Amino acid sequence: MDGKTENPMALALAEAEAAAARGEVPVGAVVTDADGIVLAAAGNRVEELNDPSAHAEILAIRAAAAKVGAPRLVACDLHVTLEPCPMCATAISFARIRRLVFGAYDPKGGGVEHGPRIYTQPTCHHAPEVVGGVEERRAGDLLRDFFRDRR
């Protein structure tokens with residue numbers, strides 16, 4: 001997993017596809033360092049681990065923090081296929097992620113551009129730079145197809 005990737009969102013989408021193949025909601029996340037080196041990549045594992053906190057973002061942040069040996073990822077970026085939920089948005093803040101890049105917007109469950117808008121709250125101690133809508137169509141299609149096939 002070490003090495004610079006030209007498109008971290010493509011890797012996050014591959015993680016989302018792998019999550020879908022495992023029966024998980026197709027969300028993938030990748031943490032890169034300041035040089036664009038991939039530190040960690042993960043897909044949702046909520047069902048597999050019977051863990052409501054096993055979202056792709058949380059798993060990728062945990063793995064990246066373990067790799068660098070620090071709880072804060074100050075010079076790191078997180079690329080995720082779906083707007084993070086409030087839990088993940090808060091974890092991103094606690095990890096001091098430099099930049100959050102996400103794909104599809106989540107009007108129902110998002111916590112960044114929707115819902116509680118975690119980074120605009122006065123209790124939020126760190127707000128990353130946020131870039132939304134990257135590969136939005138592909139990320140959204142993955143989610144729509146997954147849930148359509150479930151119905």
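All values below come from the heavy atoms of this structure, side chains included, with hydrogens, waters and symmetry mates left out. We number each residue from 1, following the sequence as shown. These figures come from a predicted structure and were not determined experimentally.
Cluster annotation: Ile61 is connected to Val130 through the hydrophobic network of ILVMFWY side chains, with a link wherever side-chain heavy atoms come within less than 4.5 Å. Two different hydrophobic clusters hold Met87 and Leu49 under the rule that ILVMFWY side chains link at heavy-atom gaps under 4.5 Å.
Rounding to the nearest 0.5 Å gives a distance of 13.5 Å between CD1 of Ile118 and NE2 of His126. Remark: Leu82 CG to Asp106 CG distance equals 4.5 Å, nearest 0.5 Å. Atom CG of Leu100 and atom SG of Cys88 lie 10.0 Å apart (nearest 0.5 Å). Here CG of Asp141 is found 10.5 Å from CG of Leu13. Values are rounded to the nearest 0.5 Å. If you take CD on Glu17 and CG on Asp145, they are separated by 10.5 Å, rounding to the nearest 0.5 Å. Here the CG atom belonging to Leu78 is positioned 11.0 Å from the CG atom belonging to Leu39, to the nearest 0.5 angstrom.
Leu11 has its side chain within reach of Val38: a pair of non-hydrogen atoms, C-beta onward, lies under 4.5 Å apart. No side-chain heavy atom of Arg45 sits under 4.5 Å from any side-chain heavy atom of Asp51. At a threshold of 4.5 Å between non-hydrogen side-chain atoms, the residues Pro8 and Asp77 do not count as touching.
Annotation for Ala63 and Ala40: closest pair CB-CB, 3.6 Å, computed over non-hydrogen atoms.
Atom CZ of Arg72 sits in a sparse spot, with 12 or fewer heavy atoms from other residues, nucleotides or ligands closer than 6.0 Å. Counting heavy-atom neighbours within 6.0 Å of Arg137 CZ, excluding the residue itself, gives a total of 12 or less.
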Exercise for the section: Let me see the working for Phe94 and Thr90 under side chain to side chain contact (heavy atoms under 4.5 Å, CB included), right down to the final yes or no. Expected result: CA-CA 6 Å; Phe94 287 169; Thr90 302; 3.7 Å; yes

